[in-house]
*Asks:* 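Can you keep this structure in mind? I'll have questions shortly.
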Amino acid sequence: MGNPALTPTPMVTLTTDFGDRDHYVASMKGALLSLNPSLKIIDITHQIAPHQIAEAAFTLGCAVPTFPDGTIHIVVVDPGVGTRRRLLLASTERHYFLAPDNGTLGLVFDAEPALQVVQLTQARYFRQDVSSTFHGRDILAPVAAHLSLGTDMSQFGDPVQDWMPCAFSAPVGPVAGRLGLKVLAVDRFGNVILNLKRRAYREAGGRPAPGALTLEIGGRTIRRLLLTYDEADDGEPFALFNSCDYLEIAARQGSAAAVLGVLAGHPATVVL
């Protein structure tokens, strides 16, 4: 099976932890458009918490399925920039991806297996002066632009088979009727997203339909699994499966993260 055809107007998405205060996002877009002015550039987000690779993997995994076949996705959450970590270009049946080899793409590959992965080594496709601190601008963006112009993947580097797996772990267990979980991310509403999908919960013996639940986190026990946010009492934490099918803790008209005092990486436990 070959690599996907590009979208009729080549489309590139950006996912970074750069924020919107500095020049970083604009510089990446400039590097892209300098090589291919016809590109359509879509910002998935630039608000990934600094250096949070697991959050980037989760965000990308949720967003990618909504994009048309042939989209090129660039992810720059890269605490190892300038080190010996590799930069990858990958294709799946539907999309292309450019990212550091740090686990960012693991969740995408779990859902949509990689067809071809190469390590970026061919400097003729990079910017002339490559900074040791900004590979997003100087390597990933130019490679994406050249790819959008029709350069074959094989021209950018050597094939690899041993990329890093998903940046966040699967639930632990069940052991003695308990699943060990972690917080993947906290969204802007203060919703706490855990590393448990509905299917995995069902396969572990849980009942994902609305009803009773025993979820321990932040010194508290959540006992209700609801279908919508509006069913809950104001400010009282509850659980639901969100639009990406991950278990989430929310608080109606409030921040569950603030109520529970938790951040990304915090442990949780579901009692089956």
Side-chain angles (χ1 to χ4, degrees), residues 1-16 18 24-25 27-42 44 53 56-57 60 64 67-109 112-167:
M1 184 178 295
N3 291 320
L6 296 168
T7 51
T9 298
M11 184 180 299
V12 173
T13 77
L14 300 177
T15 302
T16 79
F18 292 161
Y24 306 125
V25 175
S27 294
M28 283 193 64
K29 292 180 178 180
L32 285 161
L33 295 171
S34 292
L35 291 169
N36 187 353
S38 68
L39 278 174
K40 184 174 184 178
I41 303 174
I42 308 296
I44 292 180
I53 298 168
L60 187 71
V64 161
F67 280 89
D69 291 3
T71 301
I72 302 168
H73 302 277
I74 304 177
V75 189
V76 190
V77 178
D78 191 15
V81 63
T83 67
R84 293 176 63 85
R85 66 88 186 89
R86 300 178 297 187
L87 292 172
L88 302 180
L89 167 60
S91 67
T92 65
E93 185 176 350
R94 296 188 56 222
H95 300 279
Y96 293 93
F97 300 89
L98 286 141
D101 184 17
N102 57 15
T104 306
L105 300 179
L107 186 61
V108 167
F109 291 163
E112 194 175 322
L115 296 179
Q116 184 179 1
V117 183
V118 300
Q119 178 183 355
L120 301 181
T121 58
Q122 295 302 311
R124 66 182 181 274
Y125 295 109
F126 307 164
R127 291 185 81 225
Q128 184 172 359
D129 297 312
V130 175
S131 166
S132 62
T133 65
F134 201 175
H135 288 174
R137 177 194 66 190
D138 296 341
I139 300 178
L140 296 179
V143 168
H146 284 292
L147 179 67
S148 75
L149 291 168
T151 303
D152 188 82
M153 276 187 63
S154 62
Q155 299 301 305
F156 295 110
D158 303 317
V160 297
Q161 301 291 333
D162 59 342
W163 56 84
M164 288 187 64
C166 186

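For the single chain, residues carry numbers from 1 onward in sequence order.
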*Asks:* To the nearest 0.5 Å, how far apart are CG in N102 and CD1 in I53?
*Replies:* 4.0 Å
*Asks:* State the NE2-CG distance between H73 and L14, to the nearest 0.5 angstrom.
*Replies:* 11.0 Å
*Asks:* So L60 and L107, side chain to side chain contact (heavy atoms under 4.5 Å, CB included) or not? Walk me through it.
*Replies:* CA-CA 8 Å; L60 187 71; L107 186 61; over 6 Å; no
*Asks:* For the OG1 atom of T7 and the CG atom of D69, what is their distance to the nearest 0.5 Å?
*Replies:* 9.5 Å
*Asks:* Check A56 against V77 and note the closest heavy-atom contact, atom names and distance.
*Replies:* CB-CG2, 3.6 Å
*Asks:* Salt bridge (charged side-chain N to carboxylate O under 4.0 Å, His left out): which pairs involve residues 31-42, sequence neighbours left out?
*Replies:* none
*Asks:* With sequence neighbours left out, write down each residue that passes side chain to side chain donor-acceptor pair (under 3.5 Å) with D158, or none if nothing qualifies.
*Replies:* none
*Asks:* Rounded to the nearest 0.5 Å, what's the gap from CD1 on I44 to OG1 on T15? Could you check?
*Replies:* 3.5 Å
*Asks:* Less than 4.5 Å apart, any side-chain heavy atom of I74 and any of V143?
*Replies:* no
*Asks:* Using every non-hydrogen atom in the two residues, find where H95 and P4 come nearest and quote the distance to one decimal.
*Replies:* N-CG, 3.8 Å
*Asks:* Which residue pairs pass the salt bridge (charged side-chain N to carboxylate O under 4.0 Å, His left out) test when at least one of the two sits in residues 129-151, sequence neighbours left out?
*Replies:* R127-D138
*Asks:* Looking at every heavy atom in both A99 and L140, which two are closest together, and how far apart are they?
*Replies:* N-CD2, 4.1 Å
*Asks:* Determine yes or no for a side-chain-to-main-chain donor-acceptor pair under 3.5 angstrom, with Q116 supplying the side chain and N3 the backbone.
*Replies:* no
*Asks:* If you take all heavy atoms of A31 and A141, which pair is closest and at what distance?
*Replies:* CB-CB, 4.0 Å
*Asks:* Please name all residues satisfying ring pair (Phe, Tyr, Trp, His ring centres under 6.0 Å) with F18, sequence neighbours left out, ordered by chain then number.
*Replies:* Y24, F134
*Asks:* Could you pull out all residues at least two apart from N36 that satisfy side chain to side chain contact (heavy atoms under 4.5 Å, CB included)?
*Replies:* P10, S38, L39, S148, L149
*Asks:* Under the side chain to side chain contact (heavy atoms under 4.5 Å, CB included) rule, collect the residues that match up with P165, sequence neighbours excluded.
*Replies:* none
*Asks:* Looking at every heavy atom in both V160 and Q119, which two are closest together, and how far apart are they?
*Replies:* CG1-CB, 3.9 Å
*Asks:* About how many Å separate CD1 of I72 and CG of L98, when rounded to the nearest 0.5 Å?
*Replies:* 7.5 Å
*Asks:* Which is it for T92 and F109 under the side chain to side chain contact (heavy atoms under 4.5 Å, CB included) test, yes or no, and what are the steps along the way?
*Replies:* CA-CA 8 Å; T92 65; F109 291 163; 4.1 Å; yes
*Asks:* What pairs with S154 under side chain to side chain donor-acceptor pair (under 3.5 Å), at least two apart in sequence or on another chain?
*Replies:* D152
*Asks:* Output every pair passing side chain to side chain donor-acceptor pair (under 3.5 Å) with a member in residues 77-86, not counting sequence neighbours, ordered by first then second residue.
*Replies:* D78-R85, R85-H135, R86-D101, R86-D162
*Asks:* For residues R94 and F67, report the shortest heavy-atom separation together with the two atoms involved.
*Replies:* NH2-O, 2.7 Å
*Asks:* Among all residues two or more places apart in sequence or in another chain, which pass the side chain to side chain donor-acceptor pair (under 3.5 Å) test with T71?
*Replies:* none
*Asks:* Rounded to the nearest 0.5 Å, what separation is found between the NE2 atom of H146 and the CG atom of L32?
*Replies:* 10.5 Å
*Asks:* Going through the distances and angles, do W163 and L88 end up as a side chain to side chain contact (heavy atoms under 4.5 Å, CB included)?
*Replies:* CA-CA 9 Å; W163 56 84; L88 302 180; 3.8 Å; yes
*Asks:* Side chain to side chain donor-acceptor pair (under 3.5 Å) with T151: which residues, sequence neighbours excluded?
*Replies:* none
*Asks:* Only counting residues at least two apart or in another chain, list the ones meeting ring pair (Phe, Tyr, Trp, His ring centres under 6.0 Å) with Y96.
*Replies:* none
*Asks:* Identify, with sequence neighbours excluded, every residue that meets side chain to side chain contact (heavy atoms under 4.5 Å, CB included) alongside Q122.
*Replies:* R124, Y125
*Asks:* Let me see the working for I41 and L33 under side chain to side chain contact (heavy atoms under 4.5 Å, CB included), right down to the final yes or no.
*Replies:* CA-CA 9 Å; I41 303 174; L33 295 171; 3.9 Å; yes
